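Taking it in order: structure first as C-alpha cells, then the write-up.
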Amino acid sequence: MTGENEKETRHDFIRDMVVEDIAPGGRFEGKTICTRFPPEPNAYLHIGHAKAVWIDYGIAEEFGGLFNLRFDDTNPAKEEQEFVDCIIEDVRWLGAKWDGRLFFASDYFGQMYEWAIELIKKDKAYVCDLTPDQVSAHRGTLTAPGKNSPYRDRPVEENLDLFTRMKNGEFPDGVKTLRAKIDMAHPNLNIRDPIMYRILHTEHHRQGNKWCIYPMYDWAHGFEDSIEGVTHSLCSLEYENHRPLYDWFIDAVNEGRTDDGSGPWGKKINHPRQIEFARLNLSYTVMSKRKLIDLVRGGHVRDFDDPRLPTLAGLRRRGYTPEAIRNFCAIIGVNKFYSTIDVALLEHCVRENLNKTSPRVMAVLKPLKVVIDNYPEGQVDQLDAVNNPEDPSAGTRKVPFSKELYIERDDFMEIPPPKFYRLSIGKEIRLRYAYFIKCINAVKDNAGNIVELHCTYDPATKGGDAPDGRKVKSTIHWVSAKDAIPAEVRLYENLFTKENPDDVPEGKDLTVNLNPKSLEILRNCFVEPALKNAQPLARYQFERLGYFCVDPDTANGILTFNRTVSLRDEWAKIQKTQKI
RNA sequence: UGGGGUAUAGUGUAAUGGUAGCACAACUGACUCUGGAUCAGUUAGUCUAGGUCCGAAUCCUAGUACCCCAGCCA
C-alpha cells in the first residue's frame, strides 16, 4: 500500500496500544495481528469510512497481520445486497486488500445461537416478555436506576424452552426478547440487562427465512471479531460506552472454559481488544447516513454518486484518486475527540497527487472567438505541447493552430484593472506553445457584448519564444476553432455555504445552507482534439483551470467533464481583494 | 443532577519531565511559456487557577468547556 509518494503513517495512540499488546508479556504476544472493517450493508461508504478502512487496513499491514472485510448484517430489515456490492467496490478502489477474507456476520448466527444457549445455562440470560415500552420504562434514566424485569428470575429450563420456541418461530415479532442478566442499576445504561435477541420474521438478504430471531449489535459484534481471530477491534467513539458489554459477553462465554479445552464448556474463545477513535468530519459537507439519504431523496443532489457528495462513489466520479484519499487519511491522523477537518486539506491532497500524474490539455470553458488577421487562411500549424511538466516521461503531443481560435472569455478585458496581465486591446500576450499575439480590436453585438476579437500574431515567436528576447506578462490557453471538440463541463463548489451545514436558524433544516452555486453546467465548452477518445474516469489538467475527470455520462454522446478541483488561482484572490 | 470520554496556532496533528515542531489555510517575496508547480520567508498555540520540580503540554489538586449514552439500530 505504501507507495513512494504516500505520506508516512505516524505513530498514534492505537498503534502504541498494538505495540504494547504484541510486546513480551502483552495481551497478544506471539499472535498475528488482525483487524476488520465491519460496515453494515445499508448505505454507501463515504470518506469517513475511508479513514476507518485506512486505520484498520494500515495497522494490519504495518504489523504484518490480516485484514478482514466483514459485513455486519445482523438486521435484515435494513440491509440489501446492492450495498454489499457497492461497498466491496469502494473498499477495493480505495486500495485495501482482504485476500479472500470477506466475511458475513450472518454466517455466525448458528454459533451465536449456541453461545446464547450456553449463557442461559450459566444463568446469565433470560427470556423477557416485556413490551418495548415496558422495557424502556424499566430501564430507568440517566440519573435513576432501572427496575428488574418480572421475568428476570425465570428458571433456566423455562428460558431454554422459551428461547428454543422463539427460534422456532412460535411467537410474533416483539413479544419476547432474550436479555443478558447483568445489572439494572448500573450507571451505564447499556449494561442494564441489554437485549441479545429480538424476534423478527423478516427475510434476510443472505439467510433467507432461516432465522426469525436476530442478534443485537452488542451481543453479536464481539463474537464476530472473536470467531475471525481479530485482535484489535477498532470503532468510533460512540461505542466507548459499549466496550464493557463487548468484554462482558466474551467473558461470560469464557467463564468455566479452559485454555486446553478440558472441562464442561470447552476451550476459551479469542478475546479481541476494542479501541475507539473519533470519526472524521469535513467542513462544508455532511457525513451522516441519514443526511446523505435526505439530500438524495430530496433531490438536492442527483444520486449517491453525485460528485458534490463526500461518498466514495461521488469522490471517484469527481476525479479523486485513491492515493489522494489515502494520503489525506495519513495526514489527518487518529484522535479521540471530535474535530472538523478543513475541506481545503482534502483539496490540497488531490491537487498534490494530480499535479504529478495528470496529463495537461487545453480546454476553453467560456469561449471567446479570436481571429488572427495576419494568419494565412486555411493554414494549420501542428505545435508541440508538453504533456506533463512534472513528468518528462509523459512526452509531448501535437496541437493544431489555425486562423480562428477560442480563448477564455475571462482572459480578455476591455478595461483592464490593475494587475490584469492578460489580453486587452493593444496588449501582447503569449498563446501557450504557439505565438505571441497582440489584440487589435474587439467586435461587439448590438447589446454591447464582445463577440469576437481581432488580433495579429508574430510568426517569429512560433513555439512561444521571441527571438528578440521581448517578454510578455502572461500566457493563456486556447483551442483551434475548427479542430475543437465540443464538450460539457460541470463545475462544482462546496455543497453547503456554511462550514458547519448544521448551523441553522431555529426550526430550519440544513437545506437552508445548501449552496445554490454548488453545480454550474457549462454546455458550450471546447477542448483540444487530443481528447477525442477520452474515456470515462480519465483525469486531465485543463491548463490554468483545474483538474477534470471524464464523467460516465459521456457515454450518452457528449464529452462531459467534472471539475475535480480548481488550480490555485492568484488572480481570483487579487480580484476578490479588489472588489472589497 | 448518573456514567463514559476529550481539551496544543484559524484548522488538523507531533512533542511520552528537557529548545512547543509539522501540515493545511492566510500573508510577503523569488522564479516561471499554466497568475499552476517549485523555492524562501512571515503571522499565529499548550482550556483556567494553584501546586510538585533545576525544569511541566506532559505529574498532582481544584475548576471550566465540549462530546457520547435512556432503539427490540449499528
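Here is how names work: the chains are called A, B, and so on, in the same order as the sequence lines, proteins then strands, and each is numbered from 1. Values below: every heavy atom of this structure, side chains too, minus hydrogens, waters and symmetry copies. The model shown is predicted, which means the values in this text are computed figures rather than measured ones.
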Requested in this report: Would you please confirm or rule out a distance under 4.0 Å between OP1 or OP2 of rA26(B) and any side-chain N or O of Lys573(A)?
Outcome: yes

Query - Arg152(A) atom CZ: more than 12 heavy-atom contacts under 6.0 Å - result: yes

Report summary line: Here RNA chain B, pairs taken as Watson-Crick or G-U under 3.5 Å and shown with ( ), [ ] when crossing and | when to another strand, reads .((((((..((((....[..)))).(((((.......)))))....(((((..]....))))))))))).....

Report task. Determine the contact category for Asn75(A): base if any of its heavy atoms lies under 4.0 Å from a base atom, sugar-phosphate if only primed atoms, P, OP1 or OP2 are that close, otherwise nothing. Result -> sugar-phosphate

Query raised in the report: In whole Å, what separates the P atom of rU38(B) from that of rA25(B)?
Result: 10 Å

**Report entry** Between P of rC67(B) and OH of Tyr338(A), the distance in whole Å
**Finding:** 10 Å

Query raised in the report: Does a side-chain N or O from Thr340(A) land closer than 4.0 Å to OP1 or OP2 of rG12(B), or not?
Result: no

**Report entry** Out of rC72(B), rU34(B), rG35(B), whichever nucleotide has its closest atom nearest the side chain of Trp571(A)
**Finding:** rG35(B)

Requested in this report: Considering just the side-chain nitrogens and oxygens of His348(A), establish if one lies under 4.0 Å of OP1 or OP2 belonging to rC24(B).
Outcome: yes

Query raised in the report: So does Arg139(A) get a side-chain nitrogen or oxygen closer than 4.0 Å to the phosphate oxygens (OP1/OP2) of rG71(B)?
Result: yes

**Report entry** Gap in Å between the two P atoms, one belonging to rG71(B) and one to rU48(B), rounded
**Finding:** 38 Å

Query raised in the report: So, the side chain of His232(A) versus the backbone of Pro272(A): is there a donor-acceptor pair under 3.5 Å, distance only?
Result: no

Report summary line: Closest heavy-atom pair, Thr475(A) versus Leu431(A), reported as atoms and distance to 0.1 Å, is CG2-C, 4.5 Å

Query raised in the report: Between Arg192(A) and rC69(B), is there a side-chain N or O to OP1/OP2 distance below 4.0 Å?
Result: no

Query raised in the report: Just one of Phe526(A), Phe542(A), Phe548(A), Tyr547(A) clears the ring-ring contact (aromatic ring centres under 6.0 Å, His included) bar with Phe561(A), so which one?
Result: Phe542(A)

Query - Whichever of Leu567(A) and Lys462(A) has its nearest RNA chain B nucleotide further upstream toward 5' - result: Lys462(A)

Report task. Report the residue (Asp16(A) or Glu499(A)) whose heavy-atom-nearest nucleotide on RNA chain B is the more 5′ of the two. Result -> Glu499(A)

Query raised in the report: What about Asp342(A): does its side chain form a donor-acceptor pair under 3.5 Å with the base of rC24(B)?
Result: no

**Report entry** Spacing of the P atoms in rA65(B) and rA57(B) (rounded, Å)
**Finding:** 24 Å

Requested in this report: Quote, to the nearest angstrom, the C1' distance that separates rC22(B) from rU46(B).
Outcome: 16 Å

Requested in this report: Report the nucleotide, chosen from rC72(B), rU13(B), rA74(B), that has the shortest atom-to-atom distance to any side-chain atom of Thr177(A).
Outcome: rC72(B)

Query raised in the report: Base, sugar-phosphate, or nothing for Pro244(A), non-hydrogen atoms under 4.0 angstrom?
Result: nothing

Report task. Check if the side chain of His138(A) and the base of rA70(B) share a donor-acceptor pair of N or O atoms closer than 3.5 Å. Result -> no

Requested in this report: Would you kindly give the CZ-to-P distance between Phe13(A) and rG5(B), to the nearest whole Å?
Outcome: 13 Å

Report task. Round to the nearest Å and state the distance from Lys336(A) atom NZ to rU13(B) atom P. Result -> 14 Å

Query - Any donor-acceptor N or O pair under 3.5 Å, side chains Tyr44(A), Asp90(A) - result: no

Report task. Respond yes when some side-chain nitrogen or oxygen of Arg568(A) is under 4.0 Å from OP1 or OP2 of rA37(B), and no when none is. Result -> yes

Query raised in the report: Contact class for Gln541(A) (heavy atom, under 4.0 Å): base, sugar-phosphate, or nothing?
Result: base

Query raised in the report: For the atom pair OG1 (Thr321(A)) and CZ (Arg326(A)), what is the distance rounded to the nearest 0.5 Å?
Result: 8.0 Å

**Report entry** Atom pair CD1/CE of Ile22(A) and Met17(A) - distance to nearest 0.5 Å
**Finding:** 14.5 Å

Requested in this report: Quote, to the nearest angstrom, the P distance that separates rG12(B) from rC59(B).
Outcome: 22 Å

Query raised in the report: Atom CG of Leu142(A) to atom P of rU1(B): distance rounded to whole Å?
Result: 13 Å

Report task. Report yes if a side-chain nitrogen or oxygen of Arg70(A) is closer than 4.0 Å to either non-bridging phosphate oxygen (OP1 or OP2) of rA74(B); otherwise report no. Result -> no

Query raised in the report: rG36(B) base to Glu390(A) side chain: any donor-acceptor pair below 3.5 Å?
Result: yes

**Report entry** From rG3(B), rG35(B), rA25(B), nucleotide with atom closest to Glu570(A) side chain
**Finding:** rG35(B)

**Report entry** Nearest heavy atoms of Phe412(A) and Ser424(A), plus distance in Å
**Finding:** CE1-CA, 3.6 Å

Query - Integer angstrom distance from the P of rU42(B) to that of rC24(B) - result: 16 Å

Query raised in the report: Considering only the P atoms, how many Å lie between rG29(B) and rG36(B), rounded to the nearest integer?
Result: 13 Å

Query raised in the report: Distance check: side-chain N/O of Asn335(A) vs OP1/OP2 of rU13(B), anything under 4.0 Å?
Result: yes

Query raised in the report: Is Pro76(A) touching bases, backbone alone, or none of the nucleic acid, heavy atoms closer than 4.0 Å?
Result: nothing

**Report entry** Any donor-acceptor pair under 3.5 Å from Asn281(A) side chain to Tyr338(A) backbone
**Finding:** no

Query raised in the report: Atom CZ of Arg198(A) and atom C1' of rG71(B): how far apart are they, to the nearest Å?
Result: 10 Å

Report summary line: Which of rG5(B), rC24(B), rG2(B) is nearest the side chain of Leu345(A)? It is rC24(B)

Requested in this report: Using atom CD1 of Ile476(A) as one end and atom P of rU32(B) as the other, report the distance to the nearest whole Å.
Outcome: 20 Å

Query raised in the report: So, do Ile250(A) and Phe223(A) sit near enough that their side-chain heavy atoms are less than 4.5 Å apart?
Result: yes

Query raised in the report: Does Arg351(A) put a side-chain nitrogen or oxygen below 4.0 Å from OP1 or OP2 of rA37(B)?
Result: no

Query raised in the report: If the C1' atom of rU6(B) is compared with that of rU13(B), how far apart are they to the nearest Å?
Result: 15 Å

Query - His201(A) NE2 - rC72(B) P separation (whole Å) - result: 18 Å

Query raised in the report: Given rC69(B), rU34(B), rG35(B), which nucleotide is nearest the side-chain atoms of Ile574(A)?
Result: rG35(B)

Query - Separation of atom OH in Tyr239(A) from atom P in rC73(B), rounded to whole Å - result: 13 Å

**Report entry** Neighbour count above 12 (heavy atom, 6.0 Å) for Lys473(A) NZ
**Finding:** no

Query raised in the report: Less than 3.5 Å between a donor and an acceptor, one on the side chain of Asp569(A) and one on the base of rG36(B), is that the case here?
Result: no

Query raised in the report: What nucleotide among rG35(B), rA14(B), rU34(B) has an atom nearest to a side-chain atom of Asp12(A)?
Result: rA14(B)

Requested in this report: Report yes if the ring of Phe337(A) lies under 5.5 Å from the six-membered base ring of rA7(B) with planes under 30°, and no otherwise.
Outcome: no

